[in-house]
K.L.:
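This is the structure I want to talk about, given as structure tokens.
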Number of protein chains: 2
Amino acid sequence: MTRNPASKETARKPNMREAILAAAEELFATNGFNAVSVRDIAQAAGANPGSVTYHFKTKDGLLLEIYRRHCGPMNLRRSELLAAAKRVRDLQDRLEAVVRAYVVPAFTSGSDLAGGGARFTRLRAVMSAEGNEVARKIIAQTFDDTSHAFIDAIHESLPHVPRTDIVWRSHFLLGALYYSLVTPDRVSRLSRGEADGSDAASAIEQLVQATVAAFQAPALDQAAPARRRPVVSSKT
Amino acid sequence: MTRNPASKETARKPNMREAILAAAEELFATNGFNAVSVRDIAQAAGANPGSVTYHFKTKDGLLLEIYRRHCGPMNLRRSELLAAAKRVRDLQDRLEAVVRAYVVPAFTSGSDLAGGGARFTRLRAVMSAEGNEVARKIIAQTFDDTSHAFIDAIHESLPHVPRTDIVWRSHFLLGALYYSLVTPDRVSRLSRGEADGSDAASAIEQLVQATVAAFQAPALDQAAPARRRPVVSSKT
DNA sequence: TGATCTTTTGTACGATAGTACAAATCACAT
DNA sequence: ATGTGATTTGTACTATCGTACAAAAGATCA
């Protein structure tokens with residue numbers, strides 16, 4: 001115990017390490033990995049540049065630690081919510097519950113980490129866009145299981161839709177989710193102020209509603225190869 | 001005329017300038033703005049670093065020129081397709097045509113620019129994620145009109161859905177669109193090889209189908225504040 | 001208190017960034 | 001052929017990057 005030897009619980013020491021992690025997470029999530037220097041992070045955390053090296057060895061190591069911090073809790077939370085959702089009897093309600101179990105943890109705090117859900121999800125979105133290698137590896141090996149679990153759960157609610165379609169649509173869901181966290185101001189702007197893109201509750205409800213409908217769309221595979229060739233051709 | 005003095009029209013000279021633009025577009029779109037150096041671009045284009053400075057003055061100027069190259073043609077194409085879509089009589093068909101008019105130009109070539117639609121859209125996605133200032137400005141002032149036009153057109157096909165919901169759903173559409181271009185391999189992976197995320201035709205059909213259904217979802221505004229509180233609460 | 005371990009600081013090094021600019025080269029009209 | 005303007009090259013400058021490392025400071029316990 002550093003400061004409070006009396007209390008038994010490992011009370012939070014206001015650690016530099018934590019401050020650096022938080023600052024890095026914020027900066028990476030808003031500006032990307034390469035646009036942010038170790039010195040930027042140190043300054044934002046009120047630390048010395050050398051301190052970053054001491055705690056995380058390299059800049060990549062810092063990013064890796066951010067991921068380690070969040071992936072576990074977030075996946076755990078999703079598993080719990082998914083398990084609960086799968087117990088819903090009504091098929092329509094279950095689909096919505098499953099989608100919600102996927103979406104909610106991405107927007108809200110993952111257990112003890114203060115309000116970090118949205119920030120970390122945004123970070124993932126940005127790293128994904130930048131093609132960051134460190135992130136790509138850890139994401140594939142951490143989230144693919146969860147993604148499969150969700151895809152399977154959704155597929156159970158929609159047996160008549162081919163799995164391929166479910167995959168595409170869940171991919172769209174993740175894209176929509178990411179983009180909502182990356183550019184919330186665009187929603188406010190395009191709605192002329194009538195909607196607040198930064199409001200997590202609205203985003204969640206809108207996203208769940210829209211996504212459930214998307215999942216319920218008829219399969220497009222062989223069933224209806226194209227119910228009619230559209231007005232729009234590929235070449236003018 | 002460099003090679004063919006007989007022809008009057010300022011025929012395309014296979015310019016270094018074009019090669020630099022193409023290389024920069026490709027590199028920015030896959031690695032982000034900050035991860036790519038002017039020297040990287042020059043090398044990929046088979047040019048000298050100084051040549052980039054000569055043609056575009058700064059790295060920002062190069063990015064700006066890329067946007068200038070694409071924004072005009074792409075918006076024009078979208079306007080044409082939108083105009084055609086709005087002439088569709090059947091309301092359901094019209095909605096699909098409008099969505100298609102929005103999606104198709106993003107995936108396919110914009111007029112003469114070789115296969116640049118998808119690449120440029122991916123570039124926009126990445127710049128958006130990185131919060132790039134140059135891109136942010138030019139995008140807001142170039143695409144917001146188009147976006148409003150599409151939102152209005154969709155709203156006309158779905159008068160009972162509040163405009164706010166349309167905005168959210170079109171935002172989700174753009175996010176899904178972006179993400180499909182940024183991480184197509186994820187689709188292939190999650191579908192265990194059954195789908196090809198890089199196949200533009202599949203992506204378009206899947207996206208259109210899913211999005212039309214999403215737009216047609218019931219309004220969630222006051223009509224049904226929440227048809228039942230879901231199984232999933234925000235806090236465990 | 002003094003010894004020991006952890007953390008923070010300060011500074012420095014080599015690599016690479018964006019950009020500037022003079023010299024070399026090229027295209028082409030005269 | 002030659003002069004002229006456009007382009008390309010080569011190189012250099014300064015700033016900043018990630019990282020290393022020794023010294024200072026702080027914490028812990030005999």
K.L.:
Would you mind reading off the distance between B:N34 atom CG and D:dT16 atom P, rounded to a whole angstrom?
P.N.:
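Checked: the CG to P distance equals 15 Å.
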K.L.:
Of the nucleotides D:dT19, C:dG10, D:dG10, which has the atom closest to the A:N48 side chain?
P.N.:
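The answer is C:dG10.
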K.L.:
Considering the options A:F28, A:Y67, A:Y178, which one meets the ring pair (Phe, Tyr, Trp, His ring centres under 6.0 Å) requirement together with A:F120?
P.N.:
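Among the candidates, only A:Y67 passes.
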K.L.:
Hey, what's the ring geometry for B:Y179 with A:H171, parallel, tilted or perpendicular (30° and 60° as the breaks)?
P.N.:
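The rings of B:Y179 and A:H171 lie parallel, inter-plane angle below 30°.
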K.L.:
Which whole-number value in Å describes the distance from A:I20 CD1 to C:dT7 P?
P.N.:
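Atom-to-atom, A:I20 to C:dT7, this comes out as 11 Å.
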K.L.:
Among C:dA17, C:dT8, D:dT19, which nucleotide sits nearest the side chain of A:M16?
P.N.:
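So the side chain of A:M16 is nearest to C:dT8.
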K.L.:
Over how many whole Å does the gap from A:N31 atom CG to D:dC17 atom P extend?
P.N.:
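A:N31 atom CG is separated from D:dC17 atom P by 13 Å.
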K.L.:
Quick one: which of D:dG18, D:dT7, C:dT19 gets closest to the side chain of B:K59?
P.N.:
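Of the options given, the side chain of B:K59 lies nearest C:dT19.
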K.L.:
Return the value, rounded to whole Å, for the distance between atom CG of A:L62 and atom P of D:dC17.
P.N.:
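In whole Å, D:dC17 P and A:L62 CG are 15 Å from each other.
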K.L.:
Expressed in angstrom and rounded to an integer, what is the separation of B:I41 atom CD1 from C:dT16 atom C1'?
P.N.:
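It is 15 Å, rounded to the nearest whole Å.
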K.L.:
Looking at every strand, decide which applies to B:R39 at a 4.0 Å heavy-atom threshold: base, sugar-phosphate, or nothing.
P.N.:
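The answer is base, as B:R39 lies within the cut-off (heavy atoms under 4.0 Å) of a base atom.
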K.L.:
Grab the CG-P distance between A:N15 and D:dA27 for me, whole Å please.
P.N.:
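Distance check: A:N15 CG to D:dA27 P gives 12 Å.
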K.L.:
How many Å lie between CZ on B:R17 and P on D:dT7, as a whole number?
P.N.:
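In whole Å, D:dT7 P and B:R17 CZ are 9 Å from each other.
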K.L.:
Nearest-nucleotide wise, let me know which of A:K57 and A:D40 is further upstream toward the 5' end of DNA chain D.
P.N.:
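Comparing both residues, the 5'-ward one is A:D40.
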K.L.:
Do any side-chain nitrogens or oxygens of B:T53 fall under 4.0 Å of OP1 or OP2 in C:dT19?
P.N.:
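The answer is no; no side-chain N or O of B:T53 sits under 4.0 Å from OP1 or OP2.
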K.L.:
Is B:R186 close enough and on-axis enough to A:F143, meaning under 6.0 Å and within 45°, for cation-pi?
P.N.:
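The answer is no; the distance or angle limit is not met.
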K.L.:
Is any side-chain nitrogen or oxygen of A:Y54 closer than 4.0 Å to OP1 or OP2 of C:dT8?
P.N.:
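No, outside the criterion.
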K.L.:
Does OP1 or OP2 of C:dA17 have a side-chain N or O of B:S37 closer than 4.0 Å?
P.N.:
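True: B:S37 side-chain N/O within range (under 4.0 Å) of C:dA17 OP1/OP2.
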K.L.:
Kindly say if A:H55 contacts the phosphate of C:dT6, meaning a side-chain N or O under 4.0 Å from OP1 or OP2.
P.N.:
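For C:dT6, neither OP1 nor OP2 has a side-chain N or O of A:H55 closer than 4.0 Å.
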K.L.:
What's the shortest heavy-atom distance between A:K59 and A:F33, and which atoms?
P.N.:
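Looks like NZ-O, 3.0 Å.
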K.L.:
Below 4.0 angstrom, N of the basic side chain to O of the carboxylate: do A:R69 and A:E25 qualify?
P.N.:
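A:E25 and A:R69: not salt-bridged.
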